[in-house]
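Residue numbering restarts at 1 for every chain, and letters A, B, ... go by the order of the sequence lines.
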There are 2 protein chains.
Amino acid sequence: MQVTIKDIARECGVSVATVSMALSSKKTRVSEKTKAKVIEVARKYNYQPNNAAVSLVNKKSKLIGIVFNDLRNTHISSLFMEINNVVEKRGYSLVCHIIEDDGAVECDLLRNVGAGNISALIWAKSLEKYTNEEKKKLNDAILQLDVPVMTMDNYGFACEGTDVVFDYRQGGYIATKHLIDYGHRRIGCVAGKKNYQVTQERLEGYKMALQEAGISYDEKLVVYGDYTMNSGYMLFSYIMGKKVTAIFSMNDEMAFGIYRAARMYGVSIPEEVSVVGFDNVPFADVMQVPLTTIGIPVEEIGKYIGERTMELIECTEKKGRNVREYKPQLLLRGSTRKI
Amino acid sequence: MQVTIKDIARECGVSVATVSMALSSKKTRVSEKTKAKVIEVARKYNYQPNNAAVSLVNKKSKLIGIVFNDLRNTHISSLFMEINNVVEKRGYSLVCHIIEDDGAVECDLLRNVGAGNISALIWAKSLEKYTNEEKKKLNDAILQLDVPVMTMDNYGFACEGTDVVFDYRQGGYIATKHLIDYGHRRIGCVAGKKNYQVTQERLEGYKMALQEAGISYDEKLVVYGDYTMNSGYMLFSYIMGKKVTAIFSMNDEMAFGIYRAARMYGVSIPEEVSVVGFDNVPFADVMQVPLTTIGIPVEEIGKYIGERTMELIECTEKKGRNVREYKPQLLLRGSTRKI
DNA sequence: TTGAAAGCGCTAACAC
DNA sequence: GTGTTAGCGCTTTCAA
């Protein structure tokens, strides 16, 4: 049995209220002497306040909910580590919720999350193309949580928090433009899940670059995967069948799948086909032919999310909702060549 | 404000006790009629019990603590996903604690964890070579938690739970033996953190294989990194300076670092040096020269940990402590060659 | 079958 | 400066 405030009170010959105040970090009217005594006894018994009790009365806990799709992607796990690093230092812990892509489940999940007395929510999953009704349902569920919510996309939530967005459109544009600058005209696109907002944005960038160069858009050159390595692997033969000289892969994972398939089919990168990835995960630079890719400042983003979350939790005045945008960067490596 | 049991009681014209019982999954003596009514109203208001209150009275929460070093390693994040997948289905969530390698911090962390009203703890960080005093302190802190504790190593904790261990010694042996079978006599070892138990075990396997083949152990051929890609990268030139024809890398990450360095130095794998990794992360199979490595059944292990944890939480009778061991497997790919 | 009441551990008025 | 008390939302005796 953990020792409680009551045990300490008894031992010190004071009331529980005094103990509570003495142990509180707020400035109180407890005498130095009593305070010292209480702290000493508390330490002696290795006292730890019961979080459930504290949450119950404060209506807030030291827990921050975090929701994402898949942690196996290095890009996500790096983000996670960065966020955790910040909040942990302030005594908060992340409670994980991993969610498959399905609007219905999201609301169920939120009911669950809401019961958890979290102090904030970090919604790090990709935004999908929701119907208006789905959107409304999700927003209602979020509002009911009544805590600040950070998102990684423009969810349009009406609650306090920040939408931390990345300019995927620009990223798609830069990647494609680079290929065009290298003389490619027939550029395949291995896209991610079609119903993700971030997929559509990258695709717009891709189209924009093509249009700018006077290359007509051919939807046969665009093929949809699911952002996993395996999907890149599976899609390779289709896209090569379209006689492309270059591929824009919407993330590095899929690009790795492409590498693997290329090896299998004996197609060499970049001699026979140029490849640009997206994310800049650490492995991108390990390959025999390092992957040219679009960099995302994950450390910076993670740190910001963590700090902003803490600020929202600790600041009493409401701050409303704002947007913070990060920009892409082309990382030129070995997987693309001029033709 | 979330709706409470009280609101429902008022609306139904019954007492809170009745509502509580009606909503409980245990068999109760509430009339079907009342029960139906209560459930209907609860659903109407989207009622969710307040976890803090439930925890406070039950002394248990729907939270499971999990402690690890670094999630960026695909091997760890896969494990995490598997575990989460199992416990989430049963309504539990994982609360993350990431911890640097330092005994002192561990106990601090545990104090923190203990305050969180978790129902079980999954200690998925590597065991270090502790002094007896450190061991005792850690064990005491663990005992005070008074919840089942799963570990991924032989921590020797005295509490209820399971040590899920992997035969790293055998893994080290198999990896080295494979190299010896391929005719290598001068085999470098890029080890992980020296103070980790798992490092020492792999090293023992390495030595065992050498001895068996009548090759004398040369400690100059063993060099210690920290299991990150970067450390493999940094250590490459040293180990090549020792004129080895093969390298046993204690994990895949470091092997990738070796790949990268090899490319930089223009050393080809496996022509000039054979490499064996350890873990079998998905990327191992992506490389131009796929990495021969030691497989760990991560899915199986993660699933077992999740299920065993749930069993320990839900079963009332104490189950004591047991050990479950998993075995390594050599995955022959392209990074080793006969000489 | 249902209700009243106590209590889980803690905080914060309010009283002394 | 310190103690008394109410109450956070819920479960669980014990009475009715």
Side-chain angles (χ1 to χ4, degrees), chain A residues 1-39 41-42 45-63 91 111 114-119 146 316, chain B residues 1-39 41-42 45-63 91 111 114-119 146 316:
Chain A
M1 192 56 219
Q2 289 277 23
V3 4
T4 72
I5 218 174
K6 223 183 204 163
D7 303 318
I8 297 179
R10 195 180 321 110
E11 172 124 358
C12 294
V14 296
S15 73
V16 293
T18 305
V19 174
S20 174
M21 289 164 72
L23 260 23
S24 159
S25 54
K26 296 173 194 160
K27 58 173 179 301
T28 52
R29 323 98 356 133
V30 183
S31 73
E32 282 306 318
K33 214 174 81 187
T34 325
K35 188 162 177 171
K37 170 97 194 195
V38 167
I39 290 177
V41 174
Y45 289 111
N46 193 22
Y47 167 78
Q48 278 303 112
N50 179 311
N51 277 355
V54 177
S55 303
L56 185 55
V57 41
N58 289 343
K59 310 243 192 253
K60 279 289 173 284
S61 69
K62 294 283 192 178
L63 264 20
R111 286 163 47 92
N117 275 77
I118 51 167
S119 293
D146 194 29
T316 44
Chain B
M1 192 58 218
Q2 290 279 19
V3 3
T4 73
I5 217 175
K6 222 181 202 165
D7 303 319
I8 298 179
R10 194 179 323 110
E11 171 124 358
C12 294
V14 297
S15 73
V16 294
T18 304
V19 174
S20 173
M21 290 164 73
L23 258 24
S24 158
S25 54
K26 297 172 193 158
K27 59 173 178 301
T28 54
R29 322 117 330 152
V30 183
S31 72
E32 282 307 317
K33 212 175 81 187
T34 323
K35 188 163 178 169
K37 169 97 195 197
V38 168
I39 290 177
V41 174
Y45 288 111
N46 194 23
Y47 166 77
Q48 278 302 110
N50 179 310
N51 278 353
V54 177
S55 304
L56 185 56
V57 41
N58 289 343
K59 313 246 191 245
K60 281 284 172 286
S61 68
K62 294 283 194 180
L63 262 20
R111 287 163 47 92
N117 275 76
I118 52 168
S119 293
D146 194 30
T316 45

Which nucleotide, [options], lies nearest any side-chain atom of [X]?
X: Ala17(A); options: dG3(D), dT2(C), dT12(D); answer: dG3(D)
X: Thr4(B); options: dG9(D), dC10(C), dG3(D); answer: dG9(D)
X: Lys59(B); options: dG3(D), dG9(C), dT11(D); answer: dG9(C)
X: Asn58(A); options: dT12(D), dG9(C), dT11(C); answer: dT11(C)

Inset, instruction - Give Val57(A) one of three labels, base, sugar-phosphate or nothing, depending on what nucleic acid heavy atoms sit under 4.0 Å from its own. - result: base
Inset, instruction - Looking at every strand, decide which applies to Thr34(B) at a 4.0 Å heavy-atom threshold: base, sugar-phosphate, or nothing. - result: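 Sugar-phosphate contact only.
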Whole-Å distance between [N] [atom2] and [X] [atom1]?
X: Asn51(A); N: dC8(D); atom1: CG; atom2: C1'; answer: 15 Å
X: Ile5(A); N: dG7(C); atom1: CD1; atom2: C1'; answer: 16 Å
X: Asp7(A); N: dC8(C); atom1: CG; atom2: P; answer: 11 Å
X: Met21(A); N: dT2(D); atom1: CE; atom2: P; answer: 9 Å
X: Leu56(B); N: dC8(D); atom1: CG; atom2: C1'; answer: 9 Å

Legend entry - Side chain Ser61(A), main chain Ser55(A), donor-acceptor under 3.5 Å: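 No: the side chain of Ser61(A) does not pair with the backbone of Ser55(A).
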Does [X] put a side-chain nitrogen or oxygen below 4.0 Å from OP1 or OP2 of [N]?
X: Ser15(A); N: dG3(D); answer: yes
X: Ser20(A); N: dT11(C); answer: yes
X: Ser31(B); N: dT2(C); answer: yes
X: Lys6(A); N: dC8(C); answer: yes

Legend entry - Value rounded to 0.5 Å, distance of CG in Asn50(B) from OG1 in Thr4(B):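 The CG atom of Asn50(B) sits 9.5 Å away from the OG1 atom of Thr4(B).
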